[in-house]
Amino acid sequence: MNKQEYINTVKKLNSWAYHYYVLDDPIMTDEGYDKLYQEVQKYEEAHSDEILPNSPTQRVGDVISKGFTKAKHLSRMWSLEDIFDADGLKKWLEKTYRLDDSVTFYCEPKYDGASLDLLYEDGKLIKGITRGDGSVGELITQNVKTIQSIPLTIEHKERIEIRGEVVIFKDEFEKINKERLKRSEALFANPRNAAAGSLRQLDPKITASRNLVFLPYGVGINSLQQPLLSDKMGYIYELGFRKPPLRAVTKGYDEIQTIYEQMQKERDSYAMMLDGMVVKVNEIVAQEDMGYTVKVPRWAVAYKFPAVEKITTLKNIILQVGRTGAVTPVAIVEPTEIEGAVVERATLHNFDEIERMDIRIGDRVIILRSGDVIPKIVKVLVAERSGSEQKVKRPKNCPVCGSELLQEEVLIKCQNLNCEARVVNSIIYFASKACLNIDGLGNKIVEQLFSVGLVKSMLDLFDLNMEKLLELEGFKEKKAQNLLNAIENAKGSDLWRFINALGIEHIGEVASKTIAQAFGLEYLNAVKETLITIEGIGEEMAESYLEFMRVNRETVQKLQDILEPVAPEKEEEVKENPFKGKTIVLTGSMSRPRPKIKEMLESLGAKVSGSVSKKTDFLIYGEDAGSKYDKAISLGVITLSEDEMQRM
Ligand code: IVH
């Protein structure tokens, strides 16, 4: 690689990372990225004086700090006044209109994370500083550089402070906590704490591993000339920063209220946690005229969403035995309304977590409910204890069948395969939506069928008939017939539903689909060698699957004969690949005739066009590439050599 190639490669890597981390639209595989990354690393080892400041290698610091030094913000970081309802908004608008009644308002999410100030000079990221007290924060530049959605260099050469919120996406948060649970480490209470904690790690490698995301919301010191905040922010996004999931310029009360309601309705579907919407005067001159109180700008307000955290009392801890035998503690709390739902139960994960948090019955606790996540206890208010709170002991015996419990890593498990709770929950799972989707076969009915002895296993479901059902309490002809129909309808289900319904440990919906796709009706004869070659199936999953099939082969075969599940058709649709759906232009002479290459790309779902435009995703060039190549470069289209295309 020569110097020019090195420069081009860095550009390419940055463009791929931008598509991945900022646009959420990957155009390269991880493998392809890693390969070029290593080439860049190699070049830099040999030419350490030529390392570009925006080389992706410059993100990973390996110096562990002893502590953070303080750093001053060039202009103060303000906080915001909060309002909570339509009335609050009306009052705030009246106040604002008294200062200037011609303004409009820029609305964007209020992200729930940790605020961060980025200083760029001469287009280079110089400092990353936490908010601190608003004037002075902590210098965490090394950590900040590991955040992929923060560009190391920008096209804007004048000095500028770019401000925003560092967050952890909700799915990433769940993932981190799941791993911490496995390793028996203290859980993060919420994504905000996880983000703040990850940002202030002395070892930047830990920060890098947390997949933090930066969302800009404003600027400090700057020389930008746009008269509207919405245009300033548009410019910031163009410099390579992420856009909010929803933003709007609004005229007044009605429009603000509409956007607020939309954002609140959609908030669960956003990747990041929001705790409200920020309303800002859009005209910069008006902002400057209105100015600041001692603490907050007069030109902005945080219109909060209803809280997802509430304080309540822990009344009891009950034990649930799942279909795998895992005994999980569940908190019963004083019923509390959170965002329109009454919360009475919260998860406690496991006994390690109870001991770590030292949760006692009678404690005042903070519970968090966010979207579809089951509410959880995030904090114990130790200071509010009266002394009468009771510690809870780890159970030694199964609360349902009484047999001895065994500790398996962080889980406590009932070992009795015939434990009533395990059987009943397996049947409930069998019938659930993600499995055979048998309507009318929920918890209550399964428990009833089990307790009268009508259904002791999944197979028994298919021996039910009108006569037997009519003997049950609460069953009239109609209800019985509906249930029998629903059970009958499960016949001919997709094979993956059937496999998922078996409730094999470690084999969930995704793995069931993969196995159904790979083996079809031969799923019972799968062997380890082939199983582990399938993407997404690891050693532990394969072993669990095979062991289950070994022990339950006969039952599974019987169920299959009754249910006759349908195997998926062999895949016709083009698999995910970096070229699918992309518009591509070919130029120069290649190792094979161009029509052949075109055919191959089209079979991967690409559209091959003749001329380069802004809409072109890739230009693939062979030797002696001419004007198309130059045009692609000038439009910022990604260029790939034939070799690179092959690798992708
Ligand atoms: S603007 C001069 N916009 O909320 C205005 N802040 O309660 C200063 N925050 O410290 C802040 N999303 O960390 C602004 N879209 C947004 C925000 C936002 C989250 C945080 C920020 C600030 C705190 C104020």
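Along the sequence shown, residues are numbered consecutively beginning with 1. When a ligand or atom number is given, it counts from 1 through the structure's own listing order. Only this structure's heavy atoms are used, side chains among them; waters, hydrogens and symmetry mates stay out.
- For atom 19 (C) of ligand 1, the closest heavy atom belonging to the protein is Y111 O, 3.2 Å.
- Counting protein heavy atoms only, atom 20 (C) of ligand 1 is closest to E165 OE1, 3.4 Å.
- Residue-ligand proximity: P244 is placed with every non-hydrogen atom at 4.0 Å or more from ligand 1.
- Note that CE of M272 is 11.5 Å distant from CG of D112, once rounded to the nearest 0.5 Å.
- Residue P109 touches ligand 1 through its backbone alone, judged by heavy-atom distances below 4.0 Å.
- Taking a cut-off of under 4.0 Å to the non-hydrogen atoms of E108, the atoms of ligand 1 that pass are 3 (N), 15 (N), 16 (C).
- Residue W299 approaches ligand 1 through these ligand atoms, each under 4.0 Å from one of its heavy atoms: 2 (C).
- Within the 4.0 Å heavy-atom shell around ligand 1 one finds P297.
- A side-chain hydrogen bond (donor to acceptor under 3.5 Å, both in side chains) check over residues 18-33, counting only residues at least two apart or in different chains, returns the pairs D24-R242.
- None of Y253, F105, Y303 except one satisfies the ring-ring contact (aromatic ring centres under 6.0 Å, His included) rule with Y260; the exception is Y303.
- Selection from R131, K110, K280 by nearest heavy atom to atom 4 (O) of ligand 1 gives K110.
- For K157, the NZ atom counts as densely surrounded, since its 6.0 Å shell holds more than 12 non-hydrogen atoms of other residues, nucleotides or ligands.
- The shortest contact between atom 24 (C) of ligand 1 and any protein heavy atom is with L80 N, 3.6 Å.
- Atoms of ligand 1 found under 4.0 Å from any heavy atom of W78, numbered from 1 in the order shown, are 2 (C), 8 (C), 10 (O).
- In terms of heavy-atom proximity, A632 sits nearest to T639 at CB-CG2, 4.1 Å.
- Residue, atom and distance of the protein heavy atom nearest to atom 22 (C) of ligand 1 are Y217 OH, 4.0 Å.
- Where the criterion is an N or O separation shorter than 3.5 Å, residue side chain and backbone included, V278 fails it with respect to ligand 1.
- E165 places a side-chain N or O within donor-acceptor distance of the main-chain N or O of G113, the cut-off being under 3.5 Å.
- In this structure, F351 CZ and I317 CD1 are separated by 7.0 Å, a value rounded to the nearest 0.5 Å.
- Per-residue contacts place S115 under 4.0 angstrom from the following atoms of ligand 1 (heavy atoms of the residue considered): 10 (O), 13 (O).
- In this structure, I154 and L239 approach most closely via the heavy-atom pair CG2-O, 3.9 Å.
- In terms of modelled atom types and a separation under 3.5 Å, the side chain of N282 and the main chain of L229 share a donor-acceptor contact.
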